[in-house]
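This is the structure I have questions about; it appears just below.
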Amino acid sequence: MKEYLKKDQPTLFLIGDSTVKNGQGDGAGGLWGWGDFLAPYFDSDQIKVQNHALGGTSSRTFQTYGLWEKVLDKMEPGDYLIMQFGHNDSSPLDDTLRARGTIKSAGLEAEHIYNPITKQQETVYSYGQYLRQMILAAKAKEVSPIVCSLIPRNNWENGKVVRADQGYGLWAKQVAEDTHTAFIDLNTLVANHYDSLGEEFVRTHYFNETDHTHTLQEGAELNAQLVAKAIDELTKIALKEYLIK
């Protein structure tokens with residue numbers, strides 16, 4: 001019966017925050033996440049792409065809201081998973097607005113707090129530990145995970161995009177290495193491309209005047225292109241076999 005119900009093709013699941021899927025993924029306000037433009041790079045007859053990212057979530061709240069459990073339940077052996085978190089993980093651990101922050105580390109730190117949103121005690125872990133939890137759960141289901149570092153914001157210093165190579169980008173890389181998981185340094189890939197185009201071009205073509213985090217469609221399409229290119233260059237994961245050449 002299990003073989004009979006087995007899917008005829010694998011699924012690539014995308015999870016993350018609003019930079020992966022903004023709002024309902026319909027371009028509201030002219031803003032898009034890169035996950036909405038990744039599917040065209042894959043052969044739809046061979047693999048499905050599902051974007052389950054949700055704006056406002058961190059690596060912590062994507063799990064505590066029950067979103068991760070729903071995605072995990074859909075996964076089957078042979079599927080793939082790309083995760084990109086970090087933009088919201090820097091929030092406070094226990095503020096009264098969202099209480100979505102994580103401990104700033106790739107380590108195993110934990111802190112007991114009172115969550116004013118749920119009105120319950122909660123043990124909050126590091127950013128790295130929340131990533132590990134999802135990575136290990138995916139691997140337990142014979143799903144191949146890929147960790148992406150977060151895309152850079154439209155912040156510049158001395159003509160260069162501000163990178164996350166000493167923060168969430170570094171911690172994502174460390175967790176990937178620690179768990180022997182495929183890693184795409186999307187933060188650096190996008191930042192390098194932005195630098196080559198220059199600040200004025202990037203501000204004009206990829207962002208609006210009021211939002212320094214979420215991209216316009218042109219920016220989201222660029223980010224998706226860079227993700228697809230990076231997938232094609234991964235050496236120890238078969239996902240690239242489904243790319244349209």
Nearest 0.5 Å please: distance from the CD atom of Gln120 over to the OG1 atom of Thr118.
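OG1 of Thr118 is found 4.5 Å from CD of Gln120.
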Which one of Tyr127, Tyr130, Phe85, Trp68 satisfies the ring-ring contact (aromatic ring centres under 6.0 Å, His included) criterion with Phe62?
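That would be Phe85.
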More than 12 non-hydrogen atoms from neighbouring residues, nucleotides or ligands closer than 6.0 Å to NZ on Lys21, yes or no?
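Atom NZ in Lys21 is packed in, count exceeds 12.
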As an exercise, state the distance from CG of Asn154 to OH of Tyr194, rounded to the nearest 0.5 Å.
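Separation between the atoms: 7.5 Å.
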Could you go through Trp34 and Thr215, starting from their C-alpha distance and side-chain angles, then the distance that decides it, and tell me whether this counts as side chain to side chain contact (heavy atoms under 4.5 Å, CB included)?
CA-CA 8 Å; Trp34 59 260; Thr215 54; over 6 Å; no
How close do Gly35 and Asn51 get, counting heavy atoms only, and between which atoms?
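In terms of heavy atoms, the two residues are closest at C-ND2, 3.4 Å.
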Before giving the answer on side chain to side chain contact (heavy atoms under 4.5 Å, CB included), spell out for Leu31 and Leu216 the whole-Å C-alpha distance, their side-chain angles and the decisive distance to 0.1 Å.
CA-CA 5 Å; Leu31 303 176; Leu216 302 174; 4.1 Å; yes
Go through the steps for Thr102 and Arg60 under the test side-chain hydrogen bond (donor to acceptor under 3.5 Å, both in side chains), then give the verdict.
CA-CA 7 Å; Thr102 57; Arg60 167 189 170 192; over 6 Å; no
Does a side chain donor of either Ser149 or Gln84 reach within less than 3.5 Å of an acceptor in the other side chain?
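Their side chains do not contain a donor-acceptor pair, so the 3.5 Å distance test is not met.
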Can you name the side-chain contact (heavy atoms from CB on, under 4.5 Å) partners of Leu197, sequence neighbours left out?
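If we apply the side-chain contact (heavy atoms from CB on, under 4.5 Å) test to Leu197, skipping adjacent residues, the hits are His193, Phe201, Val202, Tyr206.
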Examine Leu67 and Leu14 and state if one hydrophobic cluster contains both, with Ile, Leu, Val, Met, Phe, Trp and Tyr joined whenever side-chain heavy atoms are less than 4.5 Å apart.
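No; Leu14 is not reachable from Leu67 via cluster members.
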Between the side chains of Glu221 and Gln225, is a donor N or O closer than 3.5 angstrom to an acceptor N or O?
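Distance-only check fails for Glu221 and Gln225.
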Nearest 0.5 Å please: distance from the OG atom of Ser126 over to the CG atom of Asp89.
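These two atoms lie 9.5 Å from each other.
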Does the side chain of His87 come within less than 4.5 Å of Arg153's, by heavy atoms?
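Yes, side chains in contact.
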Reported NZ-to-OG distance for the pair Lys48 and Ser44, which is rounded to 0.5 angstrom:
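OG of Ser44 is found 11.0 Å from NZ of Lys48.
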Count I, L, V, M, F, W, Y as connected when their side-chain heavy atoms are under 4.5 Å apart, and connections chain through other members. Are Leu186 and Met134 then in the same cluster?
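Different clusters.
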Distance-only, no hydrogens or angles: does the Ser58 side chain make a donor-acceptor pair with backbone N or O of Arg100 under 3.5 Å?
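Answer holds: yes.
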Quick one, Leu150 and Thr19 - any side-chain contact, counting heavy atoms below 4.5 Å?
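With C-beta onward as the side chain, the pair stays apart.
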Could you report the tightest heavy-atom contact between Gly33 and Phe37, atom names first, then the distance?
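Closest heavy-atom pair between Gly33 and Phe37: O-CD1, 3.7 Å.
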Using side chain to side chain contact (heavy atoms under 4.5 Å, CB included), reason through His52 and Lys70 one step at a time and then give a plain yes or no.
CA-CA 10 Å; His52 292 274; Lys70 291 179 180 179; over 6 Å; no
Any side-chain heavy-atom pair from Arg163 and Asn187 closer than 4.5 angstrom?
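Yes, their side chains come closer than 4.5 Å.
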Is Ile15 close to Leu81 at the side-chain level, that is, under 4.5 Å between some pair of heavy atoms?
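Result yes, sub-4.5 Å side-chain heavy-atom pair found.
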Rounded distance [0.5 Å steps], OH in Tyr80 versus CD1 in Ile231:
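If we round to the nearest 0.5 Å, Tyr80:OH and Ile231:CD1 are 10.5 Å apart.
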Shortest non-hydrogen contact between Cys148 and Ile82, atoms and distance:
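Shortest heavy-atom contact: SG-CG2, 3.8 Å.
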Between Asn115 (side chain) and Lys119 (backbone), is there a donor-acceptor pair under 3.5 Å?
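Between the backbone of Lys119 and the side chain of Asn115 there is no qualifying donor-acceptor contact (under 3.5 Å).
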What do the steps show when you test Asp178 against Arg132 for salt bridge (Lys or Arg N to Asp or Glu O under 4.0 Å), and what is the final call?
CA-CA 9 Å; Asp178 182 49; Arg132 279 189 193 87; 3.0 Å; yes
Shared ILVMFWY cluster between Leu222 and Trp32, side chains joined below 4.5 angstrom?
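Result: no, two separate clusters.
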Shared hydrophobic cluster, Leu234 / Ile47 (ILVMFWY, side-chain heavy atoms < 4.5 Å):
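Yes, it is one cluster - the side chains of Leu234 and Ile47 are joined through contacts under 4.5 Å.
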Verdict with reasoning, Glu218 to His205, per side chain to side chain contact (heavy atoms under 4.5 Å, CB included):
CA-CA 7 Å; Glu218 190 174 352; His205 289 80; 3.7 Å; yes
Check for a donor-acceptor pair, side chain of Glu109 on one end and backbone N or O of Ser105 on the other, with a separation under 3.5 Å.
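Answer holds: no.
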Around atom CZ of Phe183, are there more than 12 heavy atoms from other residues, nucleotides or ligands closer than 6.0 Å?
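More than 12 heavy atoms, drawn from other residues, nucleotides or ligands, come within 6.0 Å of this atom.
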State yes or no: do Ile184 and Tyr168 share one hydrophobic cluster built from I, L, V, M, F, W and Y residues joined by side-chain heavy-atom distances below 4.5 Å, directly or via other members?
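Looking at the clustering, Tyr168 is in a separate group from Ile184.
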If you take all heavy atoms of Gly25 and Asp36, which pair is closest and at what distance?
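Reported closest heavy-atom pair: CA-OD2, 3.4 Å.
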Could you go step by step and tell me if His214 and Ser18 meet the side-chain hydrogen bond (donor to acceptor under 3.5 Å, both in side chains) rule?
CA-CA 7 Å; His214 305 95; Ser18 55; 2.5 Å; yes
Quick one: does Phe42's side chain get under 4.5 Å of Leu12's, heavy atoms only?
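SC-SC contact between Phe42 and Leu12 confirmed.
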Apply salt bridge (charged side-chain N to carboxylate O under 4.0 Å, His left out) to Arg203 and list each qualifying residue two or more places apart in sequence or on a separate chain.
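Checked Arg203 against salt bridge (charged side-chain N to carboxylate O under 4.0 Å, His left out); matches are Glu199.
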Just wondering, do Arg98 and Ile117 contact through their side chains at under 4.5 Å, heavy atoms?
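No. Closest side-chain heavy atoms not under 4.5 Å.
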Which heavy-atom pair separates Asp17 from Gly86 by the least distance, and what is that distance?
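The pair with the smallest heavy-atom distance is OD2-N, 4.1 Å.
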If you count the non-hydrogen atoms of other residues, nucleotides and ligands that lie under 6.0 Å from CD in Glu69, is the total more than 12?
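Counting neighbours around CD of Glu69, 12 or fewer heavy atoms of other residues, nucleotides or ligands fall under 6.0 Å, so no.
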Could you verify whether a donor N or O on one side chain and an acceptor N or O on the other, from Thr61 and Thr64, lie under 3.5 Å apart?
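Side chains of Thr61 and Thr64: no pair found under 3.5 Å.
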With a 4.5 Å cut-off on side-chain heavy atoms, are Asp195 and Trp156 touching?
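Yes, close enough: below the 4.5 Å cut-off.
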Should we count CD of Gln121 as having more than 12 external heavy atoms under 6.0 Å?
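Buried by this count: over 12 neighbours within 6.0 Å.
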Without swapping roles, check the side chain of Thr188 against the backbone of Asp185 for a donor-acceptor pair under 3.5 Å.
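Answer holds: no.
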Hey, could you give me the CG/CG distance between Leu243 and Asp43, rounded to the nearest 0.5 Å?
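Answer for the CG-CG pair, Leu243 versus Asp43, is 10.0 Å.
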So which atom in Val124 and which in Ile103 form the shortest heavy-atom distance, rounded to 0.1 Å?
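In this case the closest contact between Val124 and Ile103 is O-CD1, 3.6 Å.
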Could you check whether atom NZ of Lys141 has more than 12 heavy atoms from other residues, nucleotides or ligands sitting under 6.0 Å from it?
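Atom NZ in Lys141 is crowded, with more than 12 foreign heavy atoms closer than 6.0 Å.
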So do the side chains of Phe13 and Asp79 get within less than 4.5 Å of each other, counting heavy atoms only?
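Of all side-chain heavy-atom pairs linking Asp79 with Phe13, at least one is under 4.5 Å.
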Mind running side-chain hydrogen bond (donor to acceptor under 3.5 Å, both in side chains) on Thr181 and Lys139 for me, showing each step along the way?
CA-CA 10 Å; Thr181 300; Lys139 288 185 175 183; 3.0 Å; yes
